[in-house]
Undergrad: 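A single structure is presented below for examination.
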Amino acid sequence: MSEQALVGSSSNGNISALSKVTKADPEALEDLRRKLKYFFMSPCEKYRARGRKPWKLMLQILKIAIITVQLISFGLSNEMMVTFTEENLIAFKHLFLKDYQDRDSIHTIYTKSQVHDHINYVIMRYLTLQNVTVGNHAFERIHGVFTPLSLCQEFYRHSSISPSNETFDIDPHVEKECVYIYPMKPFQNEAFPNLTNFTLDFKRLLAVNIFLKVKAINLQTVQHDELPDCYNFSITIDLDNRAQSGQIKVSLTGEVEISVCKDWNVSGSNAVSHFLMTVLFDSLVILSCLLSLLLCIRSVISGVQLLSEYSWFVSAHCGRSVSWSERMEFINGWYILIIISDTLTVSGSALKILIHSKELTNYNVCSILLGTATILVWMGVMRYLGFFQKYNILILTLRAALPSVIRFSLCAVLIYLSYCFCGWIVLGPHHENFRTFNMVAYCLFSMINGDAIYSTFTKLRERSWVVWLFSRIYIYSFISIFTYMVLSLFIAIITNTYETIKQQQQDGVVFSELQAFIAESRNASSSGMDDSDKEEDSPGCLCLCGGAD
């Protein structure tokens, strides 16, 4: 199409914009096109154009390999820590809870004598712990003094209850009373009621809490040439009578504090050399991530500078501003992803070195940093797969469908929350899966995926007919809306976006004015260098200035 035809089909505003463009230096125009074209090239295209080695690509491949190896190594150490903690908590339940069995149901007692027996059992097991346990457990000692067992009861200040007369007189203020039992002191009173100044009034009793501390050392790490850690378990045994329903719930919970052992010696072990190798490897990871971080920051800065040059050219020669979508094309989201990943990896690797050197023992924070970084690193691989058209369609589909998916999900979440609140209020008193709001959310999400539907129906089978009827309407409507409608519409959004992107790729549609402007470059598609045939005016300027409307 000739220049006259294009000008004739334009509006007056576009004709004036075109007259400004035609006055632009053709060399400057083509130079800008070459810069833009080279900036948006893939590493392979840049190598073919100017022989530039794809250093960032090779660095990312190396980084993926060493970060994965690092994560596996740390995962094994973290697994030993978690296993040791969980096994100790299970052992404490068998040691301190009378007649405890490994089961999902709650451990409960029903009589006063059982309460006395349980409390007395805990005290005696604690005093004889080192003679009973098969582990390397010991009492905590601070400044030469052993930490005592704390036996506390919570009760109403005053309570006079007479169910037969349907009367009560109660002061709801809660008081707390504690006694302390030291493990090394002689303990003669084996019967709990004989404990001095400690009696239970079950009419006022809310809870009995027993607090104790036990120390242990995780020696299994020595087998993997790692120095052991010292563990301080804070154990709480709770006898809950707050409901005063005739059933007291007995539970044991524990918090663990991992610390560096004060004095250690491992004979005939390669722990020191293993530690040095680990530190060197982690240092290699840090250096590679820092290099990747600098390269990506440089690329982001180059994109911002090129955006400024492009914006100035469009403003000066076309009289318009660059749209937000065009600006975002200069900010490579993959670089931002890699920058975040490198930052997390450097932080996690530094923390990992401190953990291995026994300066810190915060495994959870380190695992979160390294785990999140690994996710982002592996997701970054899709950037390089996107250079191939058959793989790029997935990335383009996800990016194009994301706004619609977010809007659709917002509406679906509102409906989901309405069902959660309704199920919690109506079915909570009649079904254990709806007892709390969190449990309702878990149960309904499982039902969307086809889980727990039958058990949800059967557990409501023997309730009153009103609850039974409501539960059927509630569950049937929820499954119909979310399983058959919401999920189907969600899949339809993704499918329609996929078909649109696929058709655009087949038709060779230009997606933006920026890409149309770059496509008018007189250079060969893969050269990035200037070709000989130069024209003073290029129709591609019309795409840049919006003159082809």
Side-chain angles (χ1 to χ4, degrees), residues 79-140 146-155 176 178-183 187 189-195 198-200 202 205-220 231-258 432-433 435-436 439:
E79 181 181 355
M80 288 188 291
M81 181 272 296
V82 173
T83 302
F84 182 78
T85 302
E86 292 180 349
E87 290 180 354
N88 272 274
L89 292 178
I90 293 175
F92 293 145
K93 291 180 180 179
H94 285 275
L95 285 172
F96 296 114
L97 300 184
K98 188 176 182 180
D99 301 327
Y100 176 79
Q101 297 179 358
D102 291 322
R103 54 190 179 184
D104 296 333
S105 59
I106 301 174
H107 191 49
T108 55
I109 53 180
Y110 301 92
T111 64
K112 296 180 180 179
S113 61
Q114 286 180 322
V115 175
H116 294 158
D117 291 342
H118 270 74
I119 297 175
N120 193 53
Y121 183 84
V122 173
I123 295 174
M124 297 306 299
R125 272 300 176 91
Y126 178 71
L127 296 177
T128 59
L129 176 64
Q130 292 178 312
N131 297 328
V132 174
T133 180
V134 297
N136 56 356
H137 300 120
F139 303 117
E140 182 187 51
F146 288 97
T147 302
L149 176 146
S150 302
L151 176 61
C152 303
Q153 62 168 324
E154 297 179 4
F155 52 89
K176 187 174 183 179
C178 297
V179 296
Y180 302 96
I181 302 172
Y182 290 84
F187 185 74
N189 299 326
E190 295 186 0
F192 170 74
N194 292 330
L195 281 175
F198 195 88
T199 57
L200 297 178
F202 287 92
L205 182 65
L206 294 176
V208 176
N209 300 315
I210 304 175
F211 306 96
L212 52 97
K213 291 190 175 183
V214 179
K215 306 197 74 170
I217 300 177
N218 186 6
L219 295 176
Q220 64 176 332
Y231 290 68
N232 191 355
F233 293 93
S234 299
I235 304 170
T236 301
I237 301 173
D238 186 20
L239 283 71
D240 186 4
N241 190 42
R242 290 176 176 82
Q244 294 191 344
S245 59
Q247 173 181 274
I248 295 181
K249 302 175 183 178
V250 183
S251 61
L252 184 147
T253 57
E255 295 182 358
V256 59
E257 179 183 353
I258 305 174
E432 60 183 13
N433 289 354
R435 196 61 49 84
T436 64
M439 294 178 67

Undergrad: Take atom CD in Q247; do more than 12 heavy atoms of anything else shown fall under 6.0 Å from it?
TA: yes
Undergrad: Side chains of H116 and N120: does their closest heavy-atom pair fall under 4.5 Å?
TA: no
Undergrad: Does T128 reach the main-chain N or O of M124 with its side chain, forming a donor-acceptor pair under 3.5 Å?
TA: yes
Undergrad: Compare every heavy atom of Y121 with every heavy atom of L95, then report the nearest pair and how far apart it is.
TA: O-CE2, 3.5 Å
Undergrad: Mind checking the CG-CD spacing from L206 to E154? Nearest 0.5 Å is all I need.
TA: 6.5 Å
Undergrad: Nearest 0.5 angstrom please: L149 CG to Y182 OH, how far?
TA: 11.0 Å
Undergrad: Pick one: which of F92, F233, Y126 meets ring-ring contact (aromatic ring centres under 6.0 Å, His included) with H137?
TA: F92
Undergrad: Does the side chain of F96 come within less than 4.5 Å of L212's, by heavy atoms?
TA: yes
Undergrad: Answer whether the closest heavy-atom distance between the side chains of L151 and V208 falls below 4.5 Å.
TA: yes
Undergrad: Counting only heavy atoms not in K215 (residues, nucleotides, ligands), do more than 12 fall under 6.0 Å from its NZ?
TA: yes
Undergrad: How close do Q220 and N218 get, counting heavy atoms only, and between which atoms?
TA: CG-OD1, 2.9 Å
Undergrad: How close do N88 and A216 get, counting heavy atoms only, and between which atoms?
TA: OD1-CB, 4.4 Å
Undergrad: Would you call the rings of H94 and Y100 parallel, tilted or perpendicular, where under 30° means parallel and over 60° means perpendicular?
TA: perpendicular
Undergrad: On a heavy-atom basis, which atom in R242 and which in D238 lie closest, and how many Å separate them?
TA: NH1-OD2, 4.2 Å
Undergrad: At their closest point, which heavy atom of T199 faces which heavy atom of Q153, and how far apart are they?
TA: O-NE2, 2.8 Å
Undergrad: So, taking the atom named OG1 in T133 and the one named CZ in R125, what distance separates them when rounded to the nearest 0.5 Å?
TA: 9.5 Å
Undergrad: What distance do I109 atom CD1 and I248 atom CD1 have between them, rounded to the nearest 0.5 Å?
TA: 5.0 Å
Undergrad: With a 3.5 Å distance limit and no angle check, can you tell me whether Q244 reaches the backbone of L205 through a side-chain donor-acceptor pair?
TA: yes
Undergrad: As a quick check of understanding, evaluate side-chain hydrogen bond (donor to acceptor under 3.5 Å, both in side chains) for Y231 and E257, giving each step before the final call.
TA: CA-CA 6 Å; Y231 290 68; E257 179 183 353; over 6 Å; no
Undergrad: Please state whether the rings of H107 and H118 are parallel, tilted or perpendicular, taking 30° and 60° as the class boundaries.
TA: tilted
Undergrad: Using only heavy-atom distances, determine whether the side chains of D99 and Q101 contain a donor-acceptor pair under 3.5 Å.
TA: no
Undergrad: Check V115 against L200 and note the closest heavy-atom contact, atom names and distance.
TA: CG1-CD1, 3.9 Å
Undergrad: When rounded to the nearest 0.5 angstrom, what is the spacing between CG in N136 and CG in L219?
TA: 5.5 Å
Undergrad: Could you measure the distance from the CZ atom of F139 to the CG atom of L127? Nearest 0.5 Å is fine.
TA: 6.5 Å
